[in-house]
Amino acid sequence: MAASILQRATGIALYGGTLLLTLWLASAAWSEAAFGIMHGVMGSFFGVLILVAYSWALSFHLLNGIKFLFADAGLGFDKTDITRNAWAVFIGSGLLTALIWIGVALSKGTA
């Protein structure tokens, strides 16, 4: 049940996060000063925290959506399957988010 509710909540959160990322990218077209401000905000602790939450929401929404696709095909309707799959989505989204941010950290060293 929590996974189903979070599917909807993360879908809503993804709208806000995508708008924020769009503003960040659009600020580069507006002016160098606008981009500097947005880059400073997104590079701050609070901005990075938002980006981590956004990447977790994206990972969770993706994996839970795949789970729902299997459910639409009639797979995984046993009580044990539902619980196991929900845990797999929670753990998988955490691992996927960690992998994304490990990749970000590693790319900063090579850029």
Side-chain angles (χ1 to χ4, degrees):
M1 180 132 147
S4 180
I5 294 168
L6 273 176
Q7 177 74 3
R8 286 146 183 84
T10 55
I12 293 168
L14 289 175
Y15 277 105
T18 302
L19 177 63
L20 188 61
L21 286 176
T22 302
L23 287 174
W24 188 13
L25 291 173
S27 69
W30 291 329
S31 69
E32 189 174 334
F35 181 73
I37 292 169
M38 282 300 292
H39 190 69
V41 169
M42 296 308 289
S44 70
F45 175 78
F46 184 67
V48 171
L49 190 63
I50 288 173
L51 290 173
V52 169
Y54 178 78
S55 60
W56 176 81
L58 188 61
S59 300
F60 180 87
H61 201 76
L62 170 72
L63 295 177
N64 208 40
I66 292 170
K67 182 187 80 164
F68 280 127
L69 283 174
F70 279 100
D72 288 344
L75 302 171
F77 277 116
D78 295 334
K79 178 68 174 159
T80 56
D81 290 341
I82 291 170
T83 303
R84 184 189 68 232
N85 293 341
W87 276 107
V89 167
F90 280 109
I91 293 168
S93 62
L95 290 174
L96 188 55
T97 302
L99 286 173
I100 289 167
W101 285 95
I102 288 169
V104 168
L106 291 175
S107 70
K108 285 186 176 188
T110 60

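Here the structure is a predicted model, which is why all the values come from computation and not from measurement.
Nearest heavy-atom pair across Asn64 and Ala3 is ND2-O, 3.0 Å.
Linking Ile, Leu, Val, Met, Phe, Trp and Tyr residues whenever their side-chain heavy atoms come within less than 4.5 Å leaves Trp87 and Val89 in two separate clusters. Leu95 and Val104 are members of different hydrophobic clusters when ILVMFWY side chains are connected at heavy-atom separations under 4.5 Å. No continuous path of ILVMFWY side-chain contacts below 4.5 Å connects Leu99 to Phe90, so the two sit in separate hydrophobic clusters.
The line from CD1 of Ile12 to CG of Leu6 is 11.0 Å long, rounded to the nearest 0.5 Å. Rounding to the nearest 0.5 Å places NZ of Lys67 at 13.0 Å from CG of Leu62. Note that the CG atom of Leu14 and the CG atom of Leu19 stand 12.5 Å from one another [nearest 0.5 Å]. Here the CD1 atom belonging to Ile102 is positioned 7.5 Å from the CG atom belonging to Leu106, to the nearest 0.5 angstrom.
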Under 3.5 Å, side-chain donor or acceptor atoms of residues 49-58 against the rest of the protein: list the pairs with distances, not counting sequence neighbours.
unit_1, atom_1, unit_2, atom_2, d
Tyr54, OH, Thr18, OG1, 2.9
Ser55, OG, Leu51, O, 3.2
Ser55, OG, Val52, O, 2.8
Ser55, OG, Trp101, NE1, 2.8
Trp56, NE1, Ser93, OG, 3.0

Donor-acceptor contacts, no H, no angles, side chain residues 24-33, under 3.5 Å, sequence neighbours left out:
unit_1, atom_1, unit_2, atom_2, d
Ser27, OG, Trp24, O, 2.6
Ser31, OG, Ala34, N, 3.0

Donor-acceptor contacts, no H, no angles, side chain residues 69-77, under 3.5 Å, sequence neighbours left out:
none

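Contacts of Arg84 classified as salt bridge (Lys or Arg N to Asp or Glu O under 4.0 Å), with partners at least two apart in sequence or in another chain: Asp81. In this structure, the side-chain hydrogen bond (donor to acceptor under 3.5 Å, both in side chains) partners of Thr10, at least two apart in sequence or on a different chain, are His61.
The side chain to side chain donor-acceptor pair (under 3.5 Å) analysis of residues 39-48, with sequence neighbours excluded, yields no pairs.
With a 4.5 Å cut-off on side-chain heavy atoms, Leu20 and Met42 count as touching.
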